Amino acid sequence: MNIAHLLLGSAQEFRDLPALARGTTPYLTYRDLWRKVSVMSTHLAGRFGLKRGDRVAFAMANCVEAIEVMYAVWHAGLCAVPMNAKLHAREFAFILENSGARLCFVTPDLFETIAEAAKEAPDLKEIVDVTTRSYTFMEVGDPSPLVSAEPTDPAWLFYTSGTTGRPKGATLTHRNLLAMTLNYYADVDRPPPGGSIVHAAPISHGSGLWNFPMVGRGSVQVFPESGKYEVPETVELMNRWPECSIFLAPTMVKRLIEHGSVADLQPQALRLITYGGAPMYVADLKRALDLLGNKLMQLYGQGESPMTITHLSREYHWDRRHPRWEQRLASAGRADSCMEVRVVDEEGRQLPVGEVGEIICKGDPVMAGYWNNPEATARSLRDGWLWTGDVGAFDEEGLLTLKDRSKDMIISGGSNIYPREIEDVLNLHPAVAECSVVGRPHPEWGEEVVAFVVKRGAEALAPAELDQLCLDNIARFKRPKDYKFIEALPKNNYGKILKTELRKLL
Ligand code: AMP
């Protein structure tokens with residue numbers, strides 16, 4: 001069971017459909033991509049001497065070569081280590097060393113950085129810049145047959161985005177990735193042959209993981225020429241390519257709906273926006289639905305259970321007349337078809353509906369463990385259950401509402417306070433562009449609530465106004481005791497807010 005079978009199948013079924021595109025221009029058909037990947041695989045085994053199970057890393061701005069490299073790697077029975085192009089040299093060094101990667105593909109902008117990082121990665125033998133002859137030479141030669149893989153063979157080391165501490169490499173096997181793909185067809189969408197996905201978010205993360213359901217159905221993967229997320233370019237590509245899907249982090253959805261060029265988006269162009277990876281605030285979500293229509297779907301997952309734990313369907317987003325519409329929007333939806341999801345206490349005992357506890361889950365997408373890190377694996381995987389570190393509660397409809405990361409929860413005067421609830425309220429204020437709530441140590445209460453607020457526009461915003469908003473919407477003890485206005489919230493490379501940095505500011 002090699003995940004590269006998806007490409008083989010599509011090369012047979014959808015031979016002449018485009019598989020990859022650079023911006024508005026088609027690049028390779030499915031048949032040509034398959035041929036290229038099979039020849040590249042010959043080089044991986046021959047010229048680079050790689051053996052089944054060896055790791056191959058890449059650090060690239062989003063580009064078509066990332067897909068070529070990944071499929072060549074799987075075709076040859078190797079394991080891919082996609083790295084976010086925006087990492088720091090020290091983080092690259094850590095991942096290269098920890099994964100024991102033998103080879104690393106780069107775009108030219110990252111060659112120097114990776115060469116520097118490689119000094120700390122003794123297993124790394126070669127760095128290949130995908131714009132040089134060293135790479136184009138990999139197209140020349142005879143194709144190799146697809147190497148068969150066990151379902152349990154590692155296929156993708158997914159290094160967590162690390163909002164705290166060092167990244168950990170979630171080991172995703174061929175089975176994990178295939179289960180994620182089948183779950184996409186069951187719960188998210190069944191893309192049509194000739195459909196498309198625009199990779200605006202990093203290919204090393206959620207957007208890259210969505211390549212599988214697209215490849216399996218003969219959809220074209222479109223790479224913005226800028227190599228990043230720029231709203232006008234993204235809108236142009238969504239208009240150009242039929243039945244377009246896109247994965248966006250909530251902050252990216254917000255940028256889309258706040259940008260003037262969203263008005264250029266043709267109503268029939270967009271098929272589906274999947275969003276997830278961080279909380280999406282209800283106020284933003286409603287605006288997105290008003291502007292984009294019935295095109296939104298939420299997923300909750302993590303590197304350890306890629307893109308697959310729960311989902312909130314398009315129907316639930318759209319059913320405004322339902323009495324629980326708002327509660328539904330505030331939730332992360334119901335358990336995915338191939339997952340069992342529970343909310344438990346510290347001993348792992350299942351909690352009744354409405355009670356808040358840690359979210360654990362079990363199913364075929366759940367990682368095999370953390371690469372080279374048995375201690376972290378033992379903490380996260382217990383009796384086959386993945387302890388997500390997220391806190392939430394189920395409701396009577398079976399919908400899971402995420403409260404927060406367990407470590408972001410604030411305990412004040414013995415009461416648990418979930419920052420997200422307060423952030424949802426503050427976001428209702430039209431002058432609040434973004435906000436994040438954290439706890440500050442307090443001698444009497446243990447912790448007290450502090451809100452960091454980024455204002456929209458230059459007008460003054462009185463804390464008293466925000467305070468009143470909180471009083472109107474949530475329990476008194478939850479309201480922030482202090483408001484700090486700042487220019488921008490600190491975020492990591494995936495756009496996740498770094499609460500650890502905010503706490504340091506206190
Ligand atoms: P990563 O492994 O980098 O994808 O991060 C996964 C984490 O992002 C999860 O454990 C959650 O804390 C958060 N997350 C993912 N999806 C959602 C969602 N739909 N709503 C809120 N938080 C989310």
Side-chain angles (χ1 to χ4, degrees), residues 1-8 10-11 19-20 28 33-60 62-85 95-96 98-107 110 114 121 123-130 134-139 141 143-159 169-178 180-181 199 202-205 208-209 211-212 214-216 221 306 368 371:
M1 186 204 277
N2 186 327
I3 193 74
H5 265 116
L6 291 175
L7 179 59
L8 173 58
S10 287
L20 296 175
L28 288 180
L33 176 61
W34 169 255
R35 157 107 199 154
K36 184 165 182 181
V37 156
S38 338
V39 176
M40 284 172 69
S41 150
T42 308
H43 287 257
L44 291 173
R47 179 171 138 212
F48 297 106
L50 299 177
K51 308 230 161 20
R52 191 171 147 193
D54 280 346
R55 272 80 57 217
V56 176
F58 69 76
M60 298 189 211
N62 274 10
C63 59
V64 289
E65 287 81 5
I67 298 291
E68 295 176 350
V69 165
M70 282 199 270
Y71 278 91
V73 162
W74 295 317
H75 190 102
L78 310 169
C79 174
V81 186
M83 299 190 288
N84 184 320
I95 294 175
L96 290 171
N98 183 263
S99 65
R102 303 269 314 273
L103 178 64
C104 186
F105 289 89
V106 296
T107 39
L110 286 162
I114 295 297
D123 295 324
L124 189 71
K125 298 287 177 264
E126 205 158 331
I127 303 168
V128 175
D129 175 345
V130 297
S134 177
Y135 185 75
T136 42
F137 185 60
M138 291 180 75
E139 274 182 65
S144 304
L146 177 65
V147 171
S148 68
E150 292 301 320
T152 49
D153 282 353
W156 179 319
L157 299 190
F158 184 106
Y159 278 84
T171 305
L172 303 178
T173 63
H174 290 269
R175 176 190 280 142
N176 296 153
L177 297 171
L178 192 61
M180 179 202 76
T181 306
H199 288 298
I203 197 81
S204 56
H205 204 260
L209 286 163
N211 98 77
F212 301 107
M214 296 295 149
V215 166
Q221 306 195 57
W371 188 260

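Source: prediction; values computed, not measured. No hydrogens, no waters, no symmetry mates; every other heavy atom, side chains included, goes into these values.
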Answer whether the closest heavy-atom distance between the side chains of [X] and [Y] falls below 4.5 Å.
X      : Y      : result
Trp34  : Leu8   : yes
Asn176 : Thr171 : no
Trp156 : Leu209 : yes
Val56  : Phe48  : no
Thr173 : Glu150 : no

Can you name the side chain to side chain contact (heavy atoms under 4.5 Å, CB included) partners of [X], sequence neighbours left out?
X     : value
Ala4  : Asn2, Tyr71, Trp74, Leu146
Ser41 : His75, Ala76, Ser144
Ala59 : Met83, Phe92, Val106, Leu110, Ile114

Provide the closest heavy-atom pair for [X] versus [Y] in the form atom of the first, atom of the second, distance.
X      : Y      : result
Ala155 : Leu177 : CB-CD1, 3.7 Å
Leu96  : Ala121 : CB-CB, 3.7 Å
Ile3   : Leu178 : CD1-N, 3.7 Å
Asn62  : His199 : ND2-O, 3.1 Å
Pro151 : Met1   : CB-SD, 4.0 Å
Val130 : Met60  : CG1-CE, 3.9 Å

Rounded to the nearest 0.5 Å, what's the gap from [atom1] on [X] to [atom2] on [Y]? Could you check?
X      : Y      : atom1 : atom2 : result
Lys51  : Arg102 : NZ    : CZ    : 7.0 Å
Phe105 : Glu68  : CZ    : CD    : 10.0 Å
Ser134 : Arg47  : OG    : CZ    : 4.0 Å
His174 : Cys79  : NE2   : SG    : 7.5 Å
Asp123 : Leu103 : CG    : CG    : 12.5 Å
Ile67  : Leu28  : CD1   : CG    : 11.5 Å

**Q.** Arg55 side chain vs Gly53 backbone, donor-acceptor pair below 3.5 Å
**A.** yes

Q: Please answer whether the main-chain N or O of Leu78 pairs with a side-chain N or O of Asp54 as donor and acceptor at a distance below 3.5 Å.
A: no

Q: Hey, can you tell me if Phe158 and His205 have their rings parallel, tilted or perpendicular (30° and 60° cut-offs)?
A: tilted

Q) Can you name the residues that form a salt bridge (charged side-chain N to carboxylate O under 4.0 Å, His left out) with Glu126, not counting sequence neighbours? A) none

Q: Under the salt bridge (charged side-chain N to carboxylate O under 4.0 Å, His left out) rule, collect the residues that match up with Arg175, sequence neighbours excluded.
A: none

Q | Partners meeting ring-ring contact (aromatic ring centres under 6.0 Å, His included) with His5 (sequence neighbours left out) | A | none

**Q.** Trace of the side-chain contact (heavy atoms from CB on, under 4.5 Å) decision for Val81 with Tyr159
**A.** CA-CA 8 Å; Val81 186; Tyr159 278 84; 3.8 Å; yes

Q: Decide yes or no on salt bridge (Lys or Arg N to Asp or Glu O under 4.0 Å) for Asp153 and Arg52, but give the supporting numbers first.
A: CA-CA 9 Å; Asp153 282 353; Arg52 191 171 147 193; 2.6 Å; yes

